[in-house]
Each structure stands twice: as C-alpha cells, then as structure tokens.
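Excluded from the calculations below are hydrogen atoms, water molecules and symmetry mates; all remaining heavy atoms, backbone and side chain alike, are included. All values derive from a computational prediction rather than experimental measurement.
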Amino acid sequence: MERSGWSGRGWLEQVCPEGCRWTSRYREQIERIYEKAFRFYFRNLRYAYGRNNTFLCFEVIRERDTEVLHKGVFLNQVSPYRLHAELSFLSWFHDTELFLDEIYRVTWYMSWSPCEECAEEIAKFLANHYNVTLTIFIARLYYYWKPTYKEGLRALAEGGARVQVMSLQEFKDCWSLFVCNETFRPWKKFHKCYLFQDKTLKKILRREMTLKEETFRVQFNNAHKVPKPYRRRVTYLCYQLHEANGRLLTKGCLRTKKGHHAESRFIKRICSMDLDQSQNYQITCFLTWSPCPPCAQELASFKSAHPHLHLQIFISRLYFHWKMSYQKALHKLCTSQVPVAVMGHPEFAYCWNNFVDNQPGPFEPPWDKLEYYSNCIKRRLQRILRSWGVDDLTDNFRNLQLGPASAPVA
C-alpha cells in the first residue's frame, strides 16, 4: 500500500514570481491509461496492497471561455529524479501554462490521496495562486489513520482545494476521459468501498467544518470591548450551501489566514464547486466582522456573476463602522442583492448548533448581554444604511431566503 517514503520535493529548486517552488526535472505526462491498469490502481479498496504507484489524471479548463486547455496523466516518477505525481503536475503547470492574468479550473482524479509533503506544497501553491481553483477526486485514502496524513488533507481543504472521494459518476468521467469510450462497469463491492472512503474522509475533514467552543465564545462575542483574557478577534466565516429544495450540499468554517481574507477564501471555495448554472442555490454566511471595502466589492461582484445564487450575510459585529469607506461598503452590499443583517439570539443559537463542536443541549448565551449588544449593533447598522439612502432591509432580507423565514432551528 505504501507509496515509498519520499515525495521528491527536495528537487524543487526553482521559484516562481509568486514564491512557489517547482522543478524542470519532471517527466512528460501520458495521454491515457490501459484499462487493466486503471482497474488495478484505481480500485477503491479499503486496504489496497501492492499498489505502490500513484496515477494523477488531470484536466485544465480556462475560466473565461471554459475551454479545455490540457488533459493527461502523471505518475510517480522514480528515475532519474524521484518526484510524486502531484509535484510533477505543479512543476509542469508552472513550466507550461500558468499565467497570472488567466483564471484556471483544475480537476484531478487520483488513485491515492496526497501524502503530507505533497499536501503542504499544494496548499502553498493555492495560497500563492488565487487564479487557480483545484478539485481533487480520490479513489483511496493514503494512510488515513496517521495524524500527519490527516493534517495534510485538512490543510488542503483549508487552503481552498475541494477534496472528495470518487463516486460512481467520477469513475465514469475519469474512465471516459483517460481510459476508453466504453461504458465503465464497477467491480464487486464498489459502493460499499466508496461509502467507507467517503465516510472516513468526511470524518477527517469534520474539524475544518466546526469551531471549538472557546473559539466561538471569543470570536463571535458581540461585546463592544474584548473580554478578558484578551485575545485578538479576527474574521471567521461560517457558511452553508443549500439547494432550492432545502437539501444541504456543504458547509464549512473559514478564517482570515496568511493575508487572505475569509470572504475571499469563501468565494474561491464556492467557485471551485462548479455549481449548475441552471439551478438556484441558497448560501447563508455568519461573519464575526462585517466585510471590509475590498471584500464587500468582491462579494458584490461574485453575486453579480452568479445570479442563480441567493447570498445572505449575518454579522456579529460592525468593522470600523465610523469610517466612511466601510459604511459605503455596507451600502454596496445591500444595493447589490447581498443584504446584511446583525446576528441576534436565533442566529447565534443556529450557529452554535450547526458550526460549533459542543455538548448537545439547549443553547445558552455564552456571554452576558448578548441580546443587548445585538440590538445596539442593529440600530447602528440601520442608521448607517439610512444615512446612505437605504431603508432598513431586515424584513426584506429574511424574505429572500429559500427556506424558513428566519434562521432555522437545528
């Protein structure tokens, strides 16, 4: 099962303008996989012995015209220079296609999930290249019981990569793109193996979808002053994505990290999902701070480019609300069909029950005067919006929801 003990990242001696490392010592990709090799290396077994190689099938699409620019297959490279398939792709991408003024959608179909070293390099690449969205479909989880490999998968998800286990549909897509045009026929116990891999991955990534109780108490606290013990309050963004019929597609928690604001990371995460343009979706966001002017502009542009998405934002606190540019940002959102409302007791309770790793039981306010502070911030937001010629949008905001008229009770 083990893919040797190396990734080859020691060979990454070149540095791109954005600070990523790569090497020109990669081997060229192949176009297709033999049917027998695909059925052996991509078999989604729980314990897959003797499969020491990794196949990475990739497709690169240019966002502006959805043209497929490249597709092919990389394998783990043994000689003359050791290099894992993931690092071969990143090096080839730097060397061949990567332009900073283009937006790319990259999809990988992998026989094994990335090792911890490759996961670290991929996360660095995504952090430095915000014009690239990456979706990784994996047939099997690599050393899923080891903590370092779990952390690698979490780092990928936190870095903006969409990581999922290959379902029957992904196997069919990969088969038709990289094997042959005949119909893919799943092997015995295919669905049972898929359920195990999928359940295990979701369990590993669950930590990225929830907050610790203490983090919620400190970061979502809507008191005017930071309570003791003093800790810096940064931007956290919790989100849920629902279909029009109310079915939950995904949820998660993001925070501002390494200079990239939580709102920007959220937009990239949703864009990487490549949602059906003909379907309507509901996205609900809970933010510790209201968006800054650049993030407000990004959210407004995101909503304008995706009219099939109904986006709503709840905030715990107002960020630099006395500054004209930040007031203008709130006005920009509300006039761009991205209304903003202040979190009250129902929203805090909903957030606590759906995004916090807490003990089961009724919600009790984690700090004093929660409702008092909430009402003060609501009045302040109303004054700001009215000063910019926008009426109070609270009622209209709640009517925009595809589901319940207010934040649902878990």
Side-chain angles (χ1 to χ4, degrees), residues 15-22 63 86 90 93-94 98-106 114 118-136 151-163 205 207-211 215 218-220 231-241 250-274 283 285-306 309 311 313 315-317 319-320 325-326 329 332-333 338 340 355:
V15 181
C16 80
E18 299 300 310
C20 296
R21 298 187 304 160
W22 63 283
E63 178 73 24
E86 301 92 313
L90 294 181
F93 198 32
H94 274 105
L98 189 55
F99 298 101
L100 299 180
D101 58 346
E102 291 282 4
I103 299 177
Y104 302 94
R105 294 205 314 262
V106 179
C118 289
E120 183 180 339
E121 294 298 327
I122 297 166
K124 288 180 182 177
F125 172 82
L126 293 174
N128 290 324
H129 295 279
Y130 256 57
N131 59 323
V132 180
T133 59
L134 175 62
T135 301
I136 305 175
E151 288 300 324
L153 291 170
R154 293 183 187 119
L156 282 176
E158 291 174 1
R162 179 188 174 203
V163 186
L205 298 182
R207 198 183 78 179
E208 199 248 345
M209 297 181 181
T210 58
L211 301 173
T215 300
V218 172
Q219 300 299 338
F220 276 86
R231 287 175 58 184
R232 184 187 177 196
R233 296 194 289 191
V234 299
T235 299
Y236 277 78
L237 186 155
C238 302
Y239 68 92
Q240 285 187 329
L241 171 64
T250 187
K251 70 175 185 176
C253 299
L254 300 168
R255 59 159 291 177
T256 295
K257 191 174 183 181
K258 295 181 179 179
H260 299 295
H261 287 195
E263 296 92 331
S264 297
R265 298 182 64 203
F266 159 75
I267 291 171
K268 185 173 182 180
R269 177 74 59 84
I270 299 301
C271 289
S272 71
M273 297 182 65
D274 195 21
I283 305 177
C285 297
F286 302 88
L287 280 153
T288 54
W289 287 110
S290 58
C292 66
C295 288
Q297 181 59 53
E298 279 192 64
L299 288 166
S301 299
F302 170 71
K303 177 63 179 75
S304 176
H306 301 82
L309 299 179
L311 177 61
I313 295 176
I315 60 169
S316 176
R317 301 180 301 271
Y319 190 51
F320 284 120
S325 59
Y326 288 78
K332 175 70 175 179
L333 286 172
V338 187
V340 180
F355 297 103

To the nearest 0.5 Å, atom CD of Q240 lies from atom CD1 of I283 at 11.5 Å
For R105, the side-chain hydrogen bond (donor to acceptor under 3.5 Å, both in side chains) test, sequence neighbours excluded, returns E63
Sorted by chain and residue number, the salt bridge (Lys or Arg N to Asp or Glu O under 4.0 Å) partners of R162 (sequence neighbours excluded) come out as none
Residues at least two apart in sequence or cross-chain that pass ring-ring contact (aromatic ring centres under 6.0 Å, His included) with H260, listed by chain then number, are Y130
Output for pair (I122 CD1, I136 CD1), nearest 0.5 Å, gives 5.0 Å
Closest non-hydrogen contact found for C238 with C253 is SG-SG, 3.5 Å
Sorted by chain and residue number, the side-chain contact (heavy atoms from CB on, under 4.5 Å) partners of T235 (sequence neighbours excluded) come out as T256, A262, E263, L287, T288, W289
Closest heavy-atom pair, A123 versus L156, reported as atoms and distance to 0.1 Å, is N-CD2, 4.3 Å
Heavy-atom closest pair (I270 atom, Y239 atom, distance to 0.1 Å) is CD1-CE1, 4.3 Å
What one should report as the nearest heavy-atom pair of L134 and L126 is CB-CD2, 3.9 Å
For Y236, the ring-ring contact (aromatic ring centres under 6.0 Å, His included) test, sequence neighbours excluded, returns none
Interatomic distance, CZ@R269 vs CG@L237, rounded to 0.5 Å, equals 10.5 Å
Applying ring-ring contact (aromatic ring centres under 6.0 Å, His included) to Y326 and not counting sequence neighbours gives Y319, F320
Residue set satisfying side-chain contact (heavy atoms from CB on, under 4.5 Å) with C271, at least two apart, ordered chain then number -> I267, F302, H306
Subject >> Under 3.5 Å donor-acceptor, E120 side chain and G152 backbone >> reply: no
Residues at least two apart in sequence or cross-chain that pass side-chain contact (heavy atoms from CB on, under 4.5 Å) with A300, listed by chain then number, are K332, S336
dist R233:CZ -> S316:OG (nearest 0.5 Å) comes out at 7.5 Å
Taking every heavy atom of P291 against every heavy atom of A296, the minimum-distance pair comes out as CB-N, 4.0 Å
Hey, would you say the F93 and Y104 ring centroids sit under 6.0 Å apart?
-> yes
Interatomic distance, SG@C118 vs CZ@F125, rounded to 0.5 Å, equals 13.5 Å
Just do the side chain to side chain contact (heavy atoms under 4.5 Å, CB included) check on N131 and F99 with the steps written out, would you? CA-CA 9 Å; N131 59 323; F99 298 101; over 6 Å; no
Taken to the nearest 0.5 Å, the spacing of L333 CG from Q297 CD works out to 9.0 Å
Applying side-chain hydrogen bond (donor to acceptor under 3.5 Å, both in side chains) to E298 and not counting sequence neighbours gives S264
Nearest heavy-atom approach of L309 to K303 is O-CE, 2.9 Å
By side-chain hydrogen bond (donor to acceptor under 3.5 Å, both in side chains), T215 pairs with (sequence neighbours left out) none
- K268 (side chain) donor-acceptor with V132 (main chain) under 3.5 angstrom: yes
